[in-house]
Number of protein chains: 2
Amino acid sequence: MAIKQQTSRKAAGTGAAIRRPQTRAANDRTLGDAGDDIGLDALVGHAGYVVRRFQLWIFQDFVKTLATVDIRPTQYSVMTVIGANPGLSQMAVAKRLGIERARLVHLLDSLEERAFVSRIPSATDRRSHALHLTGRGKTALAQFKRLAAEHERHVADKIGKENREQLLRILACFT
Amino acid sequence: MAIKQQTSRKAAGTGAAIRRPQTRAANDRTLGDAGDDIGLDALVGHAGYVVRRFQLWIFQDFVKTLATVDIRPTQYSVMTVIGANPGLSQMAVAKRLGIERARLVHLLDSLEERAFVSRIPSATDRRSHALHLTGRGKTALAQFKRLAAEHERHVADKIGKENREQLLRILACFT
DNA sequence: GAAAGATTGTTGTTGACGACAACAATTGAT
DNA sequence: ATCAATTGTTGTCGTCAACAACAATCTTTC
């Protein structure tokens with residue numbers, strides 16, 4: 001019953017010992033133990049499951065690493081895109097990041113409240129706003145990027161430096 | 001104005017032309033960045049962003065592929081774990097899948113309504129339930145697995161067969 | 001054996017998030 | 001001038017993770 005220890009990073013045997021399709025002889029786990037040696041069996045080999053777990057971990061680490069500045073991943077991505085492409089419209093930013101323009105409204109509201117970005121009325125199109133970082137936003141983003149780089153190092157520590165780069169290469173088509 | 005050109009230039013593309021890590025010469029942004037080598041699209045190189053986009057795509061494809069049986073990824077994972085390890089408690093399933101036990105309650109409610117799983121009172125612990133698949137649940141899960149395999153082929157078609165396997169290998173520590 | 005503490009299932013709330021629908025203002029096309 | 005499309009905005013709905021609290025039930029400790 002000392003199995004209370006949560007999933008303690010069995011990173012040693014990474015790929016091994018997954019091959020046991022019907023080894024459910026030890027089936028009468030009488031519920032008292034809540035054992036952690038539960039075979040995922042069929043779930044291993046599903047990309048969606050492992051990606052979900054990874055995304056959860058990576059977001060939590062991002063939020064934790066940038067907790068001091070109170071910036072969440074989506075906010076960071078918005079500021080990054082605006083910083084790299086000043087003057088973009090909300091529609092362009094939303095399309096670029098794959099988020100709804102309806103959602104971007106609140107995102108920008110919060111960022112504008114904190115004086116990180118500003119919606120400047122476009123001169124050519126009175127419907128749209130040209131998004132810019134404020135001076136405060138630029139210096140803030142610089143700090144965010146340093147923290148984000150630290151978070152990225154956490155990722156590298158977790159899955160390995162070259163594995164991280166492989167991952168970025170594999171999923172580059174979703175950028 | 002140059003703003004509109006920037007928007008129209010970048011808005012459309014969702015893929016293509018990512019291979020320029022440090023070719024940021026043509027970037028006329030006035031933002032003095034933090035010395036970090038973040039290129040034109042600073043989000044390239046962030047694992048969290050690309051994983052989020054990928055997870056979104058993969059979940060949508062899963063839901064679409066299993067739309068005829070009305071099963072979502074989380075429901076599928078729950079049924080898979082129960083099917084592979086009959087008699088687990090809710091706590092054990094929740095811990096194994098990394099979901100809150102509070103959330104699992106509603107998950108199991110819906111699955112029990114459809115007569116896929118059943119909560120059998122544990123004989124040894126009157127607090128907990130032993131989770132089992134019903135006969136209907138077993139045959140249903142077999143069909144779900146076939147559809148999930150089809151979804152997995154979609155993933156392979158999207159990112160490449162060997163890339164998918166690499167991905168599973170890299171992220172195996174999150175299983 | 002009884003009190004204290006921990007666990008299990010449950011209910012509820014909060015907030016982030018994606019999807020969708022509608023709307024006013026504005027722009028572009030016919 | 002008229003009609004369709006776009007942009008920002010507001011709103012709702014459903015999913016999901018994270019917490020907090022609770023009653024019932026073990027488990028531990030004295």
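Lettering follows sequence order; numbering is per chain, from 1.
Checked against salt bridge (Lys or Arg N to Asp or Glu O under 4.0 Å), A/R52 has no partners two or more places apart in sequence or in another chain. Listed by chain and residue number, nothing satisfies the side chain to side chain donor-acceptor pair (under 3.5 Å) test with B/Q166 (two or more places apart in sequence, or in another chain). For the salt bridge (Lys or Arg N to Asp or Glu O under 4.0 Å) test, no residue two or more places apart in sequence or in another chain qualifies with A/E100. The side-chain contact (heavy atoms from CB on, under 4.5 Å) search around A/A148 returns A/F62, A/Y76, B/H46, not counting sequence neighbours. With sequence neighbours excluded, no residue forms a salt bridge (Lys or Arg N to Asp or Glu O under 4.0 Å) with A/R72. The salt bridge (Lys or Arg N to Asp or Glu O under 4.0 Å) test applied to A/K161 returns A/E165, not counting sequence neighbours.
Between the CE atom of B/M91 and the P atom of C/dA6 there is a distance of 15 Å, given to the nearest Å. Between the CD atom of A/Q55 and the C1' atom of C/dC17 there is a distance of 11 Å, rounded to whole Å. A/K95 places its NZ atom 12 Å from the C1' atom of D/dA5, with the value rounded to the nearest Å. Protein atom CZ of B/F59 is 13 Å distant from nucleotide atom P of D/dT15, rounded to whole Å. Distance CG (A/L104) to P (D/dG8): 8 Å, rounded to an integer number of Å. We find that CG of A/D109 is positioned 16 Å from P of C/dG15, with the value rounded to whole Å. What separates NE2 of B/H106 from C1' of D/dC16 is a distance of 11 Å, to the nearest Å. Between the CH2 atom of A/W57 and the P atom of D/dC16 there is a distance of 23 Å, rounded to whole Å.
In this structure, of C/dC17, C/dG9, D/dT15, it is C/dC17 that holds the atom nearest to the side chain of A/R72.
Screening residues 152-175 of chain B for ring pair (Phe, Tyr, Trp, His ring centres under 6.0 Å), with sequence neighbours left out, gives A/F54-B/F174, A/W57-B/F174.
Under 4.0 angstrom from either OP1 or OP2 of D/dT6 there lies no side-chain N or O belonging to A/Q90.
Counting only distance, with no hydrogens or angles, the side chain of B/E152 and the backbone of A/A47 share a donor-acceptor pair below 3.5 Å.
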What pairs of nitrogen or oxygen atoms, one from the protein and one from nucleotides 17-21 of chain D, lie under 3.5 Å apart?
| residue | atom | partner | partner atom | Å |
| --- | --- | --- | --- | --- |
| D/dA17 | OP1 | A/R52 | NE | 3.3 |
| D/dA17 | OP1 | A/R52 | NH2 | 3.3 |
| D/dA17 | OP2 | B/R103 | NE | 3.0 |
| D/dA18 | OP1 | A/Q60 | NE2 | 2.0 |

Kindly give the atom pairs (protein nitrogen or oxygen, nucleotide nitrogen or oxygen) under 3.5 Å for nucleotides 25-27 of chain C.
| residue | atom | partner | partner atom | Å |
| --- | --- | --- | --- | --- |
| C/dT26 | O2 | A/R127 | NH1 | 3.4 |
| C/dT27 | OP1 | A/R126 | N | 3.1 |

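For the atom pair A/H132 NE2 and A/K138 NZ, the distance stands at 9.0 Å (nearest 0.5 Å).
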